[in-house]
Amino acid sequence: MVGRPRRSVYVPQEIEPKWQKIWAERGVMKANDASPKPKFYDLVMYPYPSGELHMGHARNYVMGDALARMKRMQGFEVLHPFGWDAFGLPAENAAMKHPGLHPLKWTLDNIVESKRDLKTMGILYDWDREVNSCLPDYYRWTQWLFLLMLERGLAYRAMAPVNWCPVDKTVLANEQVINGRCWRHPDVEVEKRDLEQWFLKITDYADRLLDDLATLEHWPQKVRVMQTNWIGRSTGAEVDFAVDGAPGESIRIYTTRPDTLFGATFMVLAPEHPLVERVTTDRQRETVRKYVEKARKETEIERLSTEREKTGVATGGFAINPVNGEKIPIWVADYVLMTYGTGAIMAVPAHDERDFEFARMHDLQVREVIAPPSGPQKMLREAYVGPGVMVNSGQFDGLDAAVAFDRICDWLEQRGIGKRSVKFRLRDWLISRQRYWGAPIPVVYCPNHGIVPVPVDQLPVELPPEYKPLSENPAWYETTCPLGDGPARRETDTLDTFIDSSWYFLRYASPHDDREPFDSELANRWMAVDQYTGGVEHAILHLLYSRFFTKVLHDAGMVEVTEPFVRMFNQGMVKRFGQVMAKSAGNGVSIAQLAGEQGADAGRVYEMFIGPPEEDVEWNESGLNGVVKFLQRVWRLVLEPESIVAEGGASATDASALRRKVAQTVGRVTEHYDELRFNTAVAFLMELANAMQDYLQGGGARDAEWESSVRVLVKLLNPLAPHVCEEMWERLGEKGLLADASWPSFDAAAAAEPKITLVMQVAGRLRDRAEVDAGLSEAEATAVALGSEKVRAALNGRGPSKVIYVRDRLINLVP
RNA sequence: GUCGGCGUGGCGGAAUGGCAGACGCGCCAGCCUUAGGAGCUGGUGCCCGAAAGGGCGUGGAGGUUCAAAUCCUCUCGCCGACACCA
């Protein structure tokens, strides 16, 4: 095919800055609070401002942008905001490394760079709504929300053994400790320290946080399972065991298996349990004291290792099993945790793996009380935890264990020695951090009035300008009590940065409100977030905390929704040379360089085409070149169709076939964009471009229908490659921005195929195919199949005894 | 250890009960030529065959079904989460 001289060439470096400027000038992604259109809140997780961005960062932003652009074209009023999770340690680390560099300057400089790169990628946000969690006009309201928690009895101060990261020199929430190590330093073990700290009572909301997970049907199953396990609700009973020889003294235990009460052959207290001292006999005192001391010294890692053999010592004391009056020995062992349940257990070695192991090791009695369906066992080789029938259990013998569970609970409750109980693995959220670069906790300590909240009209409690620990800055922390004139001391701890991010999605509704954290009416207009996109690393921390905050704010009457995020999506990471793209790994593809070479549009389309959105993907240069070629081909089809000359040959020129292909592509691409399945959406667009090229090469006319097809192609590609599409739109002579054009509507009738390929099978094996009219009846299809020589040969004279016909797909003849 | 996900050509992947390998990369052959990292045409899972055609094929083994990459059971491998929570 001879190409005519090309009048125009696709030069992304020229058109991309041009359109970025125009979109900004015309405020394309500005959300109108008063719009009558249906709203669509499209949110990506606001990031820590790390400076220059690379294509590893870009993936979820492109997804969010593509969805926002399509939703706008579909007639939604789209809220697509952005902001910065700007408090945190990297800024302090940078400041420590470069004396004189203030965390604020470092942060603001990084924001400038990140923002520039986002714009280079053609990603549009309503920048008028930008939030920055480290600025006083934002953290003022973070502090206000802390005071709300305090007022509602959800914030409290307590002495507790807390997780201390020796590198960051601050405490950590339970959620920030992974395998006994700091979430930011996988090789640094967390230490236990006893400190007085602020907590939020997230456990008050444990039931609702768990129950409402069931309503989040558009969340990844994986995240829901992780949150369910993290909350960890269990149902059982608390039972009091009297201490032998100590009238009035009793040990309260928690068990999820009250049905095994008759099988309790010993008890175990956590080393920190307050009754350890009192039940220990003089003979055992020294042994127990040494054991408890050793347990205290051990790190979390050592204590929590399941590999380790179970250690423990006898106290010499005995307890009375309330169901049968038996005397059972009391042990101390560190496999029982003081922080869960009551810090004490009844041990039922026959039906609990851990108790079984411990009993084996210390030669303790094992008594079977649940017989498996196969009948009572002679010798237990391992704990039996399955269902069964009660044995050795007095009046409960013969009952199904599941029934006995309830009977025994009733029995305990009637006698006042026990009660049903629900426990959670979830602990309260420790929010104090011993850092500078965070929102100061807005309370003062007054010798006369104790803990005094800073009055809301005195917020924000601003950070002092000097970068040094708040606890070493008396000029800052020395203040006067708001309730009197006496001297008082400010709290010098700051709030966990996860507090900042637990409400930012509400701030976007009214980001400049200076009377309250957010305007309830506007928040109700925009909430809930219709699509929330971000990394799976926040599956527990950020998402659980945000759900908690939303419920508290709902209870306070500030917002209607009880769940913040309707649909959640976790995008996969971008790798290169086998490693996740990261500044530290030095394998990032620079956005500036990409835009200067292949163009931002090519980068956007490629990153969507590269693989399934939820999977990790490997960046690959030749794949990127394939996308560049695709964009050039579209350019030529749209703007230079006369350069594609008919060759005759095999290609079909059927205009109705092209019409159907266009209609089908509208349907498929729209659906796949909606489901964020961008990789397949790109494939469909490529198919359409191929079909359009075949049409021209086959001598198809460039008539009105062709012109309309071209415009559909440009519209469908626009969310992914907005610059080049906008340019083509203009060169096609269209008025107005493509960004504001309407999305093509799906015409099912136009997409319907009049002819289909009927697949003919004999006994489930493919034997022949035929082009037939769509909508054949079973009888007609059977006739077609029996008319096939190949089918008849396969049947070999055995008439079909059974016919399975799937309309417009296949017919299967079974001999 | 428990729970969850994944396993498909040379490569990225598509198909969620109905033609396995869409789309792209790569590769092979050819065309054109302004000689390019350009464009165009055709081919490209494996095996037998000159071809027509046939057989095999979605980590492995079994099962359900007229029909299985897809559902079920077992198993191997990789990845992720949780990990003494009574």
Side-chain angles (χ1 to χ4, degrees), chain A residues 1-3 5-6 178-180 220-223 225-226 228-230 232-234 236 253-257 260 268 303-308 310 333-337 339-348 351-355 357-358 423-427 536-537 539-540 606 609-612 614-630 632-633 636 643-645 647 649-651 677 679-687 689-690 693 697 757-766 768-769 790 800-806 808-815:
Chain A
M1 182 192 62
V2 185
R6 304 272 289 272
I178 297 153
N179 291 328
Q221 182 68 14
K222 183 182 171 176
V223 174
V225 168
M226 283 168 74
T228 302
N229 293 339
W230 187 263
R233 175 158 62 191
S234 69
I253 61 97
Y254 173 69
T255 178
T256 55
R257 294 295 305 275
T260 63
V268 185
R303 267 189 75 169
L304 290 178
S305 170
T306 42
E307 312 294 303
R308 197 175 74 136
K310 290 189 170 34
D334 66 4
Y335 79 92
V336 172
L337 307 176
T339 46
Y340 183 78
T342 59
I345 62 160
M346 65 168 192
V348 185
H351 304 291
D352 181 280
E353 280 159 27
R354 297 151 303 182
D355 298 344
E357 189 194 329
F358 192 80
K423 298 276 180 214
F424 294 91
R425 185 182 171 281
L426 181 72
R427 310 291 155 80
V536 73
E537 66 274 16
I540 292 177
Y606 175 58
F609 184 55
I610 190 168
E614 70 282 4
E615 299 283 327
D616 290 353
V617 292
E618 177 78 20
W619 183 273
N620 171 314
E621 292 295 325
S622 55
L624 176 62
N625 288 335
V627 168
V628 172
K629 273 162 49 176
F630 167 64
Q632 283 168 344
R633 183 132 65 127
R636 203 165 148 216
S643 73
I644 299 167
V645 172
E647 281 200 319
S651 305
R677 293 163 70 189
N679 56 327
T680 44
V682 174
F684 300 149
L685 290 168
M686 288 173 166
E687 279 189 45
N690 291 346
Q693 181 158 324
Q697 283 172 353
T757 303
L758 181 68
V759 171
M760 295 174 248
Q761 294 181 337
V762 175
R765 296 179 67 84
L766 175 72
D768 202 2
R769 304 168 226 257
K790 288 174 189 170
S801 63
K802 192 170 176 185
V803 175
I804 292 106
Y805 177 52
V806 182
D808 293 346
R809 271 189 192 274
L810 64 75
I811 183 159
N812 185 10
L813 305 181
V814 185

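Labels below follow one simple rule: chain letters A, B, ... track the order of the sequence lines, proteins then strands, and each chain is numbered from 1. Side chains are part of it too, since the values below use all heavy atoms of this structure and drop only hydrogens, waters and symmetry mates.
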Contact under 4.0 Å: A:Lys802 side-chain N or O vs B:C66 OP1/OP2 = yes
key: Who pairs with B:G37 - Watson-Crick or G-U, where each distance is under 3.5 Å   = none
task = Give a yes/no answer on whether the side chain of A:Arg809 brings an N or O atom under 4.0 Å of OP1 or OP2 in B:G17.
result = no
query = If the C1' atom of B:G26 is compared with that of B:A15, how far apart are they to the nearest Å?
reply = 22 Å
ask   = So does A:Gln693 get a side-chain nitrogen or oxygen closer than 4.0 Å to the phosphate oxygens (OP1/OP2) of B:C40?
value = yes
ask   = If the P atom of B:G45 is compared with that of B:C11, how far apart are they to the nearest Å?
value = 13 Å
ask   = Taking any strand in view, what nucleotide pairs with B:G24 in a Watson-Crick or G-U wobble way, both distances under 3.5 Å?
value = B:C11
ask   = Any side-chain N or O of A:Arg677 under 4.0 Å from OP1/OP2 of B:A15?
value = yes
inquiry  = Counting only side-chain nitrogens and oxygens, does A:Asn690 get under 4.0 Å of the OP1 or OP2 atom of B:G24?
reply    = yes
Given B:A22, B:G18, B:G13, the nucleotide with the shortest approach to the side chain of A:Gln761 = B:G18
query = Mind checking the P distance from B:G4 to B:G9? Whole angstroms is fine.
reply = 26 Å
message = Over 60° means perpendicular and under 30° means parallel, so tell me whether A:Tyr340 and A:Tyr254 are parallel, tilted or perpendicular.
response = perpendicular
request  = Return the nearest nucleotide to the side chain of A:Pro612; candidates are B:C66, B:C3, B:A14.
outcome  = B:A14
ask   = When you measure from the side chain of A:Asp334, which nucleotide among B:G24, B:C82, B:C84 comes out closest?
value = B:C84
request  = Pick the P atom in B:U73 and in B:G10, then give their distance to the nearest Å.
outcome  = 31 Å
Distance, P atom - from B:U16 to B:A69, rounded to whole angstrom = 13 Å
query = Whole-Å distance between B:G80 C1' and A:Asn229 CG?
reply = 13 Å
RNA chain B: 5'-proximal contact among A:Lys222 and A:Met686 (nearest heavy atom) = A:Met686
request  = Return the 5'-most residue of the pair A:Arg765, A:Lys423 with respect to RNA chain B, ranking by each residue's nearest nucleotide.
outcome  = A:Arg765
query = According to a strict under-4.0 Å criterion, is A:Asn679 in side-chain N/O contact with OP1 or OP2 of B:A14?
reply = yes
Pairing partner (Watson-Crick or G-U wobble, both distances under 3.5 angstrom) of B:A67 = none
key: Phosphate OP1/OP2 of B:G37: any A:Lys629 side-chain N/O under 4.0 Å   = no
inquiry  = Using atom P in both nucleotides, what's the gap between B:A67 and B:C56 to the nearest angstrom?
reply    = 15 Å
